[in-house]
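Okay, so here's the structure we're looking at.
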Amino acid sequence: MDREIIGGLINSVSRYIHLAACQNMKSAAIKGFGNMVGILKLLKVVLDEVLNSEMLIDEQLIEAAEKLDAMVNEAREIMERRPQRMSKICSVLQTESIMLKARNVSLEICDALSKLQESSSFSSNSFSVQQCMQELQCVEQGRTSELIEIALKDECENVTPSLEDTIKIMENLGLASNRELLMESIALEKERIRAELKKKTEYSDHIYQIIRLVSHFRHCMANIEQLGFLNGKPIPSYFRCPLSLELMVDPVIVASGQTYERSFIQKWLDNGLRICPNTRQPLDHINLIQNFTVKALIANWCEENNIKLSDSIQSEIISLPFSPTGGAPEELSPGNSFRDSLHRVSSSRSSLEYVKSEEQSFFAKHHQLMSDKEIVQHCGSANQQSCCHSKSESISSTISSIDILSKFDEKVSLSEEINYTSPWPSKDQLNNSKNIHNDGIGTHSQVQKLVEDLKSRVSEVQTAAASELRLLAKNDKDNRNLIAECGAIPPLVSLLYSKIKRVQENAVTALLNLSINDNNKILIAEAGTIEPLIQVLESGNNEAKENAAATLFSLSVLEEYKIKIGRTNAVKALVYLLGFGSLRGKKDAAAALFNLSIYHENKARIVKAGAVKYLVEMLDPNTGMADKSVALLANISTIPEGRSAIAQEGGIPLLVDTMETGSQRGKENAVSALYQLCINSQKLCSIVLQEGAVPPLIALSQFGTPRAKEKAQQILSHFRSQRAGVMGKVKT
């Protein structure tokens, strides 16, 4: 039995090392897991010798082996389920903590073995144990997590964290740029929301402390960025977006009255975040109102300083610290950029004073600037619809979990599924804006009565109740919460099995509307909804199928349900809807499949279910599905099965066409897919060349989005290196 425990530990260690070999361990955020591989490799040599020896194994060794086995399995599970865009700070705190515990337990095992050898005649592995102990003691101690813990403690005590430590943390985690800080803020907010939904109050408070720490990082970055110059002139701080730290080109106001650059705040909102990043106020609505006053002031400032506003859009230039003489921007390398820039701030006090005086003088010229809050109030809630903006391009179209909503601009059936007005009163109509829970027994009792009617054996009563709940849940957040609190979710899930199509349709649409509230998503998912939703996808009417797909999309926002949904027959049913559904059904299916494809394991399932055939067909612009199709193909192209299927289904010529004539987002995803095809297969690379990819690649490398430029340049470089290799062989 004792040897079985050692054998089990060796097996767990081997599985962990194998999994780690398939991961990218270069990221500082998961460096702890990489260090853990080194620890376990050292220990495995010793454990193998123990297993093959006749050494007596005591209780201390067994206890330590069981502890380490549990830690290794915990680390493996975290690595497997780690979200693609997890907070770097949370990740390093988690991974370095486990790594240090594993190191300490490994030392315990070596210590136990050393004592056993002293009292045993067996000593063939004595040297291995001593060597292992020496090397384990030299393992890196997780300095980054220590610095973060110190900074968090300072924050809690209202002490400004050490500037030196702040710099080290930002450099070690690659957070020394405005874009990385934005992505970290979004990841943290999503982590906080998940913690609150699961009622993990202590962890939620911990995340909030980290959010405050990132705000401090941004403050440090802002101090450095004050040295930014355009044409030798300092950029006034009030013309910079609080999120991007860059000169605003398209300033917009959110419901809290704060002004942001449209693309950055849109990125924030597209990830489902509904609080103001600056004030942390809940946003009453997510409409973005153009700040014409600030935009005009920026235009005036640019004109006075001979700066072309179109030139200032190049955020990569603006975000770099310029020398006061207006020279060229310096490269921000991870090693020294942030520290060097900070040194310039501390040693250039006169320059900062110049910046401040320039700002004050400019602001004095325009003292009649209307406040953002006044603009919001002036527009009023009655005009919110006319103030709604059209979504702008996100700052990055990287296929990741935080880009899901921005990839599919249309709202995926989450609020537009009903075209008629609910007969139910809204919260405001019920009782002068009082909370729905306090507006009398009537409303609450009516909802309870509807929930009871869902359980009726009379189909007409079920249909009417589901229909009323569907309408009630459509437009009002408090109504959705009340319906869930009254216990409507389990009976609605049961009705998904109904053979009466109208009952099934109303039930699935009611669940879809309820899932708009994040706290309801978990309740719906935990009510065993996935299997009945699959049945609706397979047997429901068109509208029921569409809304079942949209509900799966909504639930798959939860990371664990990406995995659970992927392991059912849902992928097969969604692919069938993608191929044979209505246009809206195809869109909902594509959105759900895209979301599921973010979890690596699901990509092969999507390919196996035959999705690539339909996705390639939908690259035709006339289908109305081209952008959604190419986004999903770009994700699928990251696995060998996906690349083979794209080539077999004739997708390469259509991807080249999309790269040439598609939308900006379509071009970006097309070139990403072609990049994967080219770098992973010489044969497919030759086909891409034959399809005339070079001219559109050259155009994209000059005029595409930043990511499209990068991928186009990489493909062209790959072409050149391949050609050079062929020429070298010919000369030989």
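What you see is a predicted model, and the numbers here were worked out from it, not measured in a lab.
- Contact check for P161 versus I150: no side-chain heavy atoms found under the 4.5 Å cut-off.
- Between the S204 side chain and the K200 main chain, no donor and acceptor come within less than 3.5 Å of each other.
- Separation of atoms CE (M71) and CG (L40) is listed at 11.0 Å; rounding is to 0.5 Å.
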I679 and Q714: CA distance, side-chain angles, deciding distance, side chain to side chain contact (heavy atoms under 4.5 Å, CB included) verdict: CA-CA 9 Å; I679 64 165; Q714 286 174 339; over 6 Å; no
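- The shortest non-hydrogen separation linking V575 to G610 is CG1-C, 3.9 Å.
- How far CG of L93 is from CD1 of I98: 11.5 Å, rounded to the nearest 0.5 Å.
- Taking CG from L633 and OG1 from T638, the interatomic distance works out to 11.0 Å, rounded to the nearest 0.5 Å.
- Between the side chain of N104 and the backbone N or O of L100, at least one donor-acceptor pair lies under 3.5 Å.
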Test side chain to side chain contact (heavy atoms under 4.5 Å, CB included) on V630 and S672; report intermediate values, then the result. CA-CA 10 Å; V630 74; S672 295; over 6 Å; no
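- Counting heavy-atom neighbours within 6.0 Å of E202 CD, excluding the residue itself, gives a total of 12 or less.
- The shortest distance between side-chain heavy atoms of D154 and T160 does not fall below 4.5 Å.
- Inspection of the Q676 and S637 side chains reveals no N or O donor paired with an N or O acceptor under 3.5 Å.
- Two residues are said to be in side-chain contact when any heavy atoms from C-beta on lie closer than 4.5 Å; I598 and N635 meet this criterion.
- The backbone N or O of A65 lies less than 3.5 Å from no partner atom in the side chain of D69, so there is not a single donor-acceptor pair.
- Side-chain N or O atoms of W268 include none that pairs as donor or acceptor with a backbone N or O of L182 at under 3.5 Å.
- In this structure, E149 does not pair ionically with K153, as no charged nitrogen and carboxylate oxygen lie closer than 4.0 Å.
- At least one side-chain heavy atom of L273 sits under 4.5 Å from a side-chain heavy atom of I193.
- No side-chain donor-acceptor contact under 3.5 Å links S717 to the backbone of Q713.
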H600 and I639: side chain to side chain contact (heavy atoms under 4.5 Å, CB included), yes or no, with the steps? CA-CA 9 Å; H600 187 75; I639 61 170; 3.4 Å; yes
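- In terms of modelled atom types and a separation under 3.5 Å, the side chain of S556 and the main chain of F553 share a donor-acceptor contact.
- A donor-acceptor pair under 3.5 Å is formed between the side chain of N602 and the backbone N or O of L596.
- To the nearest 0.5 Å, atoms CD1 (I565) and CG (N595) are separated by 8.5 Å.
- When all heavy atoms of I606 and L593 are compared, the pair lying nearest together is CD1-O, 3.6 Å.
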I would like to know whether L674 and I715 meet side chain to side chain contact (heavy atoms under 4.5 Å, CB included); could you show each step before the answer? CA-CA 8 Å; L674 290 169; I715 295 175; 4.2 Å; yes
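- Note that K267 lies outside the cation-pi zone of F264, set by a 6.0 Å cut-off to the ring centre and a 45° limit from the axis.
- For the pair E184/E180, no side-chain contact is recorded, criterion being any heavy-atom separation below 4.5 Å from C-beta on.
- The environment of NZ in K101 is sparse: at most 12 heavy-atom neighbours from other residues, nucleotides or ligands sit within 6.0 Å.
- In terms of heavy atoms, S554 sits closest to K521 at O-CE, 3.1 Å.
- Put simply, the side chain of S721 gets close to the backbone of H718: a donor and an acceptor are under 3.5 Å apart.
- Closest non-hydrogen pair, G566 versus R605, comes out as O-CD, 3.0 Å.
- E601 has no carboxylate O lying under 4.0 Å from a charged side-chain N of K562, or vice versa, which leaves the two without a salt bridge.
- Annotation for K67: atom NZ counts as buried by contact number, over 12 foreign heavy atoms lying within 6.0 Å.
- Between A645 and V607 the shortest heavy-atom distance is CB-CG1, 4.0 Å.
- A donor-acceptor pair shorter than 3.5 Å cannot be found between the side chains of E191 and S87.
- In this structure, the side chains of L175 and I89 come closer than 4.5 Å at one or more pairs of heavy atoms.
- The nearest pair of heavy atoms linking L533 to T551 is CD1-CG2, 3.9 Å.
- Under the 3.5 Å distance criterion, the side-chain polar atoms of E96 are matched with a main-chain donor or acceptor of S145.
- Using a 4.5 Å heavy-atom cutoff, the side chains of E710 and Y675 are not in contact.
- In this structure, CD1 in I524 is found 11.5 Å from CD1 in I530, a value given to the nearest 0.5 Å.
- Each of T568, V571, T529 was evaluated against I534; a single residue qualifies, T568, per the side-chain contact (heavy atoms from CB on, under 4.5 Å) test.
- In summary, E189 and R192 engage in a salt bridge, as defined by a charged side-chain N under 4.0 Å from a carboxylate O.
- Under the 4.5 Å side-chain criterion, counting only non-hydrogen atoms from C-beta, F217 is not in contact with S185.
- Looking at K88, its side chain does come within 3.5 Å of a backbone N or O of L173 through a donor-acceptor pair.
- Summarising the geometry, atom CD1 belonging to I210 is positioned 5.5 Å from atom CG belonging to L152; distances are rounded to the nearest 0.5 Å.
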